[in-house]
Structures are given as C-alpha cells and as structure tokens.
Protein chains: 2
Amino acid sequence: MTDDIVASVVRQWQAVNPELDTGPMELIGRINRCAALLQQAEDAPLRAAGLTRAEFDLLGAVRRTDRELTPGELARETFSSGAAVTKRLRVLQERGLVDRRSDARDRRVAHVRLTEEGRDLVDRLLPRQLAYERMVLSGLDEHSRTRLSTQLSELLVQLEGRIGGARR
Amino acid sequence: MTDDIVASVVRQWQAVNPELDTGPMELIGRINRCAALLQQAEDAPLRAAGLTRAEFDLLGAVRRTDRELTPGELARETFSSGAAVTKRLRVLQERGLVDRRSDARDRRVAHVRLTEEGRDLVDRLLPRQLAYERMVLSGLDEHSRTRLSTQLSELLVQLEGRIGGARR
DNA sequence: AACAGGTATTACACCCGTAAAACATTTTCT
DNA sequence: AGAAAATGTTTTACGGGTGTAATACCTGTT
C-alpha cells in the first residue's frame, strides 16, 4: 500500500509533535486534496468550451430545474454570492447563453432562462463532461465508487445539518 | 435514509434527461460539496487568529518540516503559485511571523523560517484547529471516519498518479 | 405617507494565477 | 579562461473572479 500526500504530511506532524491528534486531518485533508485535484482535472473540458466551472454550474442549475430562476435562487443553488451571480449573468448574457426577463408583478425580481444556444451548449457539454469525469475516476472500480459515494453522503448529510444551515 | 443535496441535484438531472449517466457526479459532487462545507467551517478558528487558510498552510508547512524552506519549496508544498507565496510571505513577515534568510552560496534562493512568535502561534493554533475539526466531524463515529479516510486515500493515490504529476 | 423588508446591482478591496521581469548560477562554446 | 547562452529562483505587473458592504429599487404594511 503506497501512501498519499496526506499520509506523509501527517507523518511529519507526528515526528514534530507526537502529542497531536491528527485524526481529523487525515479525513479533511484527503477530502480537500481530492477536491483540488478533481477540480483541476474537471475543468479541462469546460475550458475547451470557454466556460468557467462557476459559469457551467450556473447554466446547469437553470437547465436541470427546467424553469426560470431568479438571481437570488441561482445564488443559493450554486452556493455563491449574489454579486458573483450578477456578474456571471452579465457575461453569459453578453455571450447569448442566458436571457433575463423581468417579472410583471414584482419588478424587483428578474427571471433567468437559457437561450436556445445556452441550452444546446449545456446539453452538448454535460455528457462530455461526465464522460471525462468517468475517465478520471476510472482507477476505482464501480463498487468502490458507489461505496465511497454512499459514505460521503452520510458525512454530507451530517455537515449540512451542522453547518449548511440554510436550505432552499 | 435522508438524502443530501447532491442526490436531489442528480434526481433533477434524471428527470430532465434520463439518458444521463450521472454516476461520476454523485462522487465528485459529494467530494466538492463536503470540501466546500468543511473549508467554510474549518476557517472559523483561523479567522479568529487573523489568518487565512492559505497563510496557515504556509506556516504549517514550515513548522512540520522543521527546517527552513525556500519559497519555491513552499509553493510546491502548499500547491500554490510562486507569486502567491511571495505575497503571503511579505504579509507574514510584516506581521513578524516568518523570517527570510538569504543563502550564502546561491544568492538566488531565500530560506524561510518561523520566528519564535510564528512558531508559538502555530503550536497554539493547530491543536485548537484540530479540536474544532474533530467537533465538526463528530457526526461520524470513529470507525466510519477511518473507513472513509482509507477509501479516500485509495482515490487520492489514483488521482495523484493520474493528474498530480509533479511530486517533490 | 412612511417604513420595514426583500431583491438585484454596483463599488470596492482582496486574493490568486499567468506571464513577464530581474537577478544569479551553471553550462557550453570558442 | 572568458563570453555567451541556457537554466533556475524569486519577485513584480497585470487581469480576472469573488465576497462584503453600500446602493438603488420595489413591495406590502401600518
């Protein structure tokens, strides 16, 4: 069994201070490191399409809910600030991928929808993206992947309850 | 079994397009979401000490290797760009937490070490940080945590081989 | 009519990474 | 040996993305 970066970091800490309870680091460090590596890899097909990860998340949120969303809803859905959403919307609109429609009743709110072009882009890009991700994960067999997913789901439920606080 | 955010996102995609092989999303989405939630929580004790996560990582790298590191080594160790390290070093030096010493032999390189104050800060902060992290993870029992760690380690080894490329 | 609360945008500051620059060393070639 | 080129290390310049806070705008209530 070869060990990963986190294991070697933990070993260094133990050498410097054996008192340290490094338990949490082993889990959190691995989650963070996996996330970093995955995101780095993950973004490759997106970059090819000239999209940021955040932009793709936004487009995906509109596509998958299959209705118009307000900027506020998009901010909650994509876990980013309202200001960030506003700016992303501006550039996506300039690129002709999304469209704003202002509400008739309540003129504070805007409704965001995909243009036909935006929708096509997502529908073309997502399968490619998923195929790429499957390739990146191909080092793990099916069983390991689902087992890992399941266990992360348990953790995620805990964390959402403990920290996430706001839910839609 | 209640389901997490990722499960509901996957369900939305399936409703919109049942053809989609969402397998990779379930794993990658959960890793990313866990990482985001953990980092958000994780940074609380650090903010209390007026440190960024990245700054703490830098200080920690110097502390745990227990020797002087060059900016280049620090960049590799903390997975960030050289420029980012330079700037962090500047502010940490202004705060009196680190110290630069230039090499006698090769005047290109600088050696970074912790000041006594910097070292004390890390030694005070890390146990507090770990205790906090343990609390955040307390929803999972010991066994689940180590199982999850182990499996993530397998994934991490795969990813490092596949993507990570550069090792020290 | 004033106010309280909600929604989106704008202003500002921060942090980061890429690319270029500045500087030092080592290697190569004559 | 000495100059030139290639390499290595750090810093600076610049542009882009993000979040917080302030602003503009709107609705519903009292």
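Here is how names work: the chains are called A, B, and so on, in the same order as the sequence lines, proteins then strands, and each is numbered from 1.
Taking a 4.0 Å limit (strictly below) on heavy-atom distances, residues 60-75 of chain A reaches DNA chain C at A:Thr70, A:Pro71, A:Gly72. Contacts between residues 99-110 of chain A and DNA chain D, counted as heavy-atom distances below 4.0 Å, involve A:Arg105, A:Asp106, A:Arg107, A:Arg108.
Remark: A:Arg124 pairs with A:Asp120, A:Leu121, A:Arg128 by the side chain to side chain contact (heavy atoms under 4.5 Å, CB included) rule, at least two apart or across chains. The salt bridge (Lys or Arg N to Asp or Glu O under 4.0 Å) check on B:Arg113 picks up B:Glu68, B:Asp99, with sequence neighbours excluded. Every residue two or more places apart in sequence or in another chain that forms a salt bridge (Lys or Arg N to Asp or Glu O under 4.0 Å) with B:Arg67 is listed here: B:Glu73. Residues that satisfy the salt bridge (Lys or Arg N to Asp or Glu O under 4.0 Å) test with A:Glu116, not counting sequence neighbours, are absent from this structure. The side chain to side chain contact (heavy atoms under 4.5 Å, CB included) search around A:Arg105 returns A:Asp103, not counting sequence neighbours.
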I'd like a table of donor-acceptor pairs (distance under 3.5 Å, sequence neighbours excluded) in which one partner is a side-chain atom from residues 21-31 of chain A, with atom names and distances.
unit_1: A:Asp21; atom_1: OD1; unit_2: A:Gly23; atom_2: N; d: 3.1
unit_1: A:Asp21; atom_1: OD2; unit_2: B:Arg134; atom_2: NE; d: 2.9
unit_1: A:Asp21; atom_1: OD2; unit_2: B:Arg134; atom_2: NH2; d: 3.3
unit_1: A:Thr22; atom_1: OG1; unit_2: A:Gln14; atom_2: NE2; d: 3.0
unit_1: A:Arg30; atom_1: NE; unit_2: A:Asp4; atom_2: OD2; d: 2.5
unit_1: A:Arg30; atom_1: NH1; unit_2: A:Glu26; atom_2: O; d: 3.4
unit_1: A:Arg30; atom_1: NH2; unit_2: A:Asp4; atom_2: OD1; d: 3.2
unit_1: A:Arg30; atom_1: NH2; unit_2: A:Asp4; atom_2: OD2; d: 3.4

Name every donor-acceptor pair, under 3.5 Å, that has one atom in a side chain of residues 83-91 of chain A and the other anywhere in the protein, sequence neighbours excluded.
unit_1: A:Thr86; atom_1: OG1; unit_2: A:Gly82; atom_2: O; d: 3.2
unit_1: A:Arg88; atom_1: NH2; unit_2: A:Ser80; atom_2: OG; d: 2.6
unit_1: A:Arg90; atom_1: NH1; unit_2: A:Glu94; atom_2: OE2; d: 3.4

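Atoms CG and CG, on B:Leu159 and A:Leu38 in that order, are 5.0 Å from each other to the nearest 0.5 Å. To the nearest 0.5 angstrom, B:Gln12 atom CD is 6.0 Å from A:Thr65 atom OG1. Interatomic distance, A:Phe79 CZ to A:Leu74 CG, rounded to the nearest 0.5 Å: 12.5 Å.
Here the side chain of B:Thr115 pairs a donor or acceptor atom with the backbone of B:Gly96 at under 3.5 angstrom. B:Arg145 contributes a side-chain N or O that, together with a main-chain N or O of B:Leu140, makes up a donor-acceptor pair within less than 3.5 Å. Side chain of B:Thr150 to backbone of B:Thr146: a donor-acceptor contact under 3.5 angstrom is found.
Think of the region where chain B sits on DNA chain C: with heavy atoms and a 4.0 Å cut, that region ends 5' and 3' at C:dC16 to C:dT25.
Using a 3.5 Å distance cut-off with no hydrogens or angles, the side chains of A:Glu154 and A:Gln158 do not pair a donor with an acceptor.
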Distances for protein N/O vs nucleotides 12-18 of chain D N/O pairs under 3.5 angstrom?
unit_1: D:dT18; atom_1: OP1; unit_2: A:Arg88; atom_2: NH1; d: 2.8
unit_1: D:dT18; atom_1: OP2; unit_2: A:Arg88; atom_2: NH1; d: 3.0
unit_1: D:dT18; atom_1: O4; unit_2: A:Lys87; atom_2: NZ; d: 3.3

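For B:Arg119, the CZ atom is loosely surrounded, since the number of other residues' heavy atoms within 6.0 Å does not exceed 12.
Comparing the end axes of the helix from C:dA1-D:dT30 to C:dT30-D:dA1, each fitted to five base pairs by superposing C1' atoms of four pairs onto the next four, gives an inter-axis angle of 10° (nearest 10 degrees).
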